[in-house]
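Here the structure comes first, spelled out in structure tokens, and everything after it is commentary.
Heavy-atom basis, side chains included; hydrogens, waters and symmetry copies ignored. Count residues from 1 along the sequence.
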Amino acid sequence: QVQLGESGGGLVQAGGSLRLSCVVSGGTFSEYVMGWFRQVPGKEREFVASISRSGTFDEYEDSVKGRFTISRENAKNTVYLEMNSLKPDDTAIYYCARGSSGAAGQYDSWGQGTQVTVSS
């Protein structure tokens with residue numbers, strides 16, 4: 001079965017940067033839309049960004065536009081999230097996810113998450 005593994009989270013000061021990585025094993029990586037989500041305690045999981053199969057088209061939640069960049073390297077089965085100008089409100093567990101085949105906006109496989117903490 002497909003497995004997704006995130007890495008790159010940690011503690012950073014406001015205004016700093018982090019790059020998250022997600023390596024996907026199993027399946028054919030290039031056939032799937034990939035996305036990043038985040039969640040804080042007591043709140044619903046929130047969409048952050050997505051990227052098309054070829055990497056040509058990106059989509060972002062409004063609060064991260066201009067600060068975050070999603071990219072993918074299909075030869076390495078890896079999707080990235082470059083996060084710049086980080087704010088305390090960005091603190092969350094970040095998850096990568098694989099899009100469902102034939103169902104736009106839906107995701108069928110999730111990683112275990114990586115913690116991002118932004119200090120004031």
>> Test of understanding: clusters of I, L, V, M, F, W, Y form through side-chain heavy atoms closer than 4.5 Å, transitively. Do Leu4 and Phe37 belong to the same one?
In response: no
>> Please evaluate residues Gln115 and Thr91 with respect to the criterion side chain to side chain contact (heavy atoms under 4.5 Å, CB included), reporting the C-alpha separation (whole Å), side-chain torsions for both, the decisive distance (0.1 Å), and the verdict.
In response: CA-CA 8 Å; Gln115 177 71 47; Thr91 296; 4.0 Å; yes
>> Looking at Phe29, is its backbone amide N or carbonyl O close enough to the side chain of Arg72 to form a donor-acceptor pair, meaning the two atoms are under 3.5 Å apart?
In response: yes
>> So which atom in Leu20 and which in Gly9 form the shortest heavy-atom distance, rounded to 0.1 Å?
In response: CD2-N, 3.6 Å
>> Working to the nearest 0.5 angstrom, can you tell me the gap between Ile93 CD1 and Gln39 CD?
In response: 7.0 Å
> Which pair of non-hydrogen atoms, one from Arg53 and one from Glu31, has the smallest distance, and what is that distance?
Replying inline: NE-O, 2.8 Å
Distance-only check: which donor-acceptor pairs under 3.5 Å involve side-chain atoms of residues 101-110, not counting sequence neighbours?
residue: Asp108; atom: OD1; partner: Arg98; partner atom: NE; Å: 3.2
residue: Asp108; atom: OD2; partner: Arg98; partner atom: NH2; Å: 3.4

> Looking only at heavy atoms, what is the nearest atom pair of Ala14 and Pro88, with distance?
Replying inline: CB-CD, 4.2 Å
>> Quick check for you: to the nearest 0.5 Å, what is the distance between Met34 atom CE and Leu81 atom CG?
In response: 11.5 Å
>> Is there a side chain to side chain contact (heavy atoms under 4.5 Å, CB included) between Val116 and Met83? Walk through the geometry before answering.
In response: CA-CA 10 Å; Val116 172; Met83 304 185 294; 3.9 Å; yes
> To the nearest 0.5 Å, what is the distance between OH (Tyr94) and OG (Ser7)?
Replying inline: 15.0 Å
>> Just verifying a value: how many Å separate Ile70 CD1 and Ser50 OG, rounded to the nearest 0.5 Å?
In response: 6.0 Å
> Would you call Ser119 and Gln13 a side-chain contact if the rule is heavy atoms closer than 4.5 Å?
Replying inline: yes
> Which atoms form the tightest heavy-atom contact between Gly16 and Val12, and what is the distance?
Replying inline: CA-CG2, 3.9 Å
> Which atom pair, heavy atoms only, marks the closest approach of Glu82 to Asn84?
Replying inline: OE2-OD1, 3.6 Å
>> Please enumerate all residues that pass side-chain contact (heavy atoms from CB on, under 4.5 Å) together with Ser71, with sequence neighbours excluded.
In response: Tyr80
> Do the side chains of Val2 and Tyr95 join up, straight or via other hydrophobic residues, at under 4.5 Å, putting them in one cluster?
Replying inline: no
>> With a 4.5 Å cut-off on side-chain heavy-atom distances among I, L, V, M, F, W and Y, is there a chain of contacts connecting Leu86 to Val48?
In response: yes
> Would you say Gln3 has more than 12 foreign heavy atoms packed within less than 6.0 Å of its CD?
Replying inline: no
> Could you state the interatomic distance from CZ (Arg67) to OH (Tyr60), rounded to the nearest 0.5 Å?
Replying inline: 12.0 Å
> Where do Val64 and Arg38 land on the side chain to side chain contact (heavy atoms under 4.5 Å, CB included) test, with the steps shown first?
Replying inline: CA-CA 12 Å; Val64 308; Arg38 64 188 181 187; 4.0 Å; yes
> Is the side chain of Glu6 donor-acceptor paired with the backbone N or O of Gln112 at a distance under 3.5 Å, no angle test?
Replying inline: yes
>> Between Glu59 and Phe47, does the side chain to side chain contact (heavy atoms under 4.5 Å, CB included) criterion hold? Intermediate values first, please.
In response: CA-CA 10 Å; Glu59 186 177 25; Phe47 170 79; 4.2 Å; yes
> For the hydrophobic clusters of this structure (ILVMFWY residues joined by side-chain heavy atoms under 4.5 Å, transitively), does one cluster hold both Val33 and Val24?
Replying inline: no
> Does the pair Asp62 and Lys65 meet the rule for a salt bridge (charged side-chain N to carboxylate O under 4.0 Å, His left out), with working shown?
Replying inline: CA-CA 5 Å; Asp62 285 345; Lys65 286 182 179 177; 3.1 Å; yes
> For the side chain of Asn77 and the backbone of Gly26, is there at least one donor-acceptor N/O pair under 3.5 Å apart?
Replying inline: no
> Got a second to check how far Tyr32's OH is from Ser100's OG, nearest 0.5 Å?
Replying inline: 9.0 Å
